[in-house]
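Naming: A, B, ... by sequence-line order, numbering from 1 per chain.
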Amino acid sequence: MAYWLFKSEPDTWSWDQQVAKGAAGEEWTGVRNYQARNNMRAMKLGDRGFFYHSNIGKEIVGIVEVSAECHPDSSTDDPRWECVDIRAVQPLPRAITLEEAKAEPRLAEMALVKNTRLSVQPVSEAEWAVICELAGL
DNA sequence: GCCAACGTTGGC
DNA sequence: GCCAACGTTGGC
């Protein structure tokens, strides 16, 4: 299983809205960046991801899982853009802020820290474990 | 609200 | 195919 990180501005789509969708999950629409799209293409059903609030909060707030593999993005007619569906699994007992991630040497190579603008990122197994540990899971 | 980083577009 | 101009993202 692979691990990922999904960024969203809570003004646009928040963790609470994601949770409200329940087990049905929701399309992760609106990605217009090839790197991010390619990451979604690589996702498999059941892969896990962190849900990150950008701009407001700037923290990892929960865990999601891929509930449908990559398919055309229904928010556009442009065939270049595809997306997966994700559903909320559980909130983190303690949110991990960007500040904390930056201060943690074991996360120095994380895309969240090094490539701030990428909206859908891969997370290594080691990074996943460190964040779970910090979050109290 | 500013601006740095970075991706995309389009002229040549 | 290069690169300048431009637009967008996201931290601060």
Rounding to a whole Å, what distance do you find between [X]:[atom1] and [N]:[atom2]?
X      : N      : atom1 : atom2 : answer
A:H53  : C:dG11 : NE2   : C1'   : 16 Å
A:N55  : B:dC2  : CG    : P     : 16 Å
A:N38  : B:dG7  : CG    : P     : 13 Å
A:N115 : C:dT9  : CG    : P     : 14 Å
A:L118 : C:dG11 : CG    : C1'   : 15 Å
A:K114 : C:dG11 : NZ    : P     : 17 Å
A:E9   : C:dT8  : CD    : P     : 13 Å
A:D11  : C:dT9  : CG    : P     : 14 Å

Original post:
Ignoring hydrogens and angles, are the base of C:dT8 and the side chain of A:R117 linked by a donor-acceptor pair under 3.5 Å?
Top reply: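 Indeed there is one.
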Original post:
Where the side chain of A:K102 is defined as all heavy atoms beyond and including C-beta, which of C:dG10, C:dG11, B:dG7 is the nearest nucleotide?
Top reply: C:dG11
**OP:** With the side chain of A:Y34 defined as its heavy atoms from C-beta on, choose the nearest nucleotide among B:dG7, C:dC12, B:dT8.
**Re:**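 Shortest atom-to-atom distance from the side chain points to B:dT8.
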Original post:
Under a 4.5 Å cut-off applied to non-hydrogen side-chain atoms, are A:F50 and A:Y3 in contact?
Top reply: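 Not touching, per the 4.5 Å side-chain cut-off.
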Original post:
Taking the side chain as C-beta and beyond, is there a heavy-atom pair between A:R106 and A:E127 under 4.5 Å?
Top reply: no
Subject >> Shortest non-hydrogen separation from A:V120 to A:M40 and the atoms involved >> reply: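 So the two residues come closest at CG1-CG, 3.9 Å.
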Original post:
Taking all non-hydrogen atoms of both residues, which atom of A:W15 and which atom of A:H53 are closest, and how far apart?
Top reply: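 Looks like N-NE2, 3.0 Å.
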Subject >> Which residue lies more 5' along DNA chain B, comparing A:R32 with A:T116 via nearest heavy atoms >> reply: A:T116
Subject >> Phosphate OP1/OP2 of C:dG10 contacted by A:K7 side-chain N/O (<4.0 Å) >> reply: yes
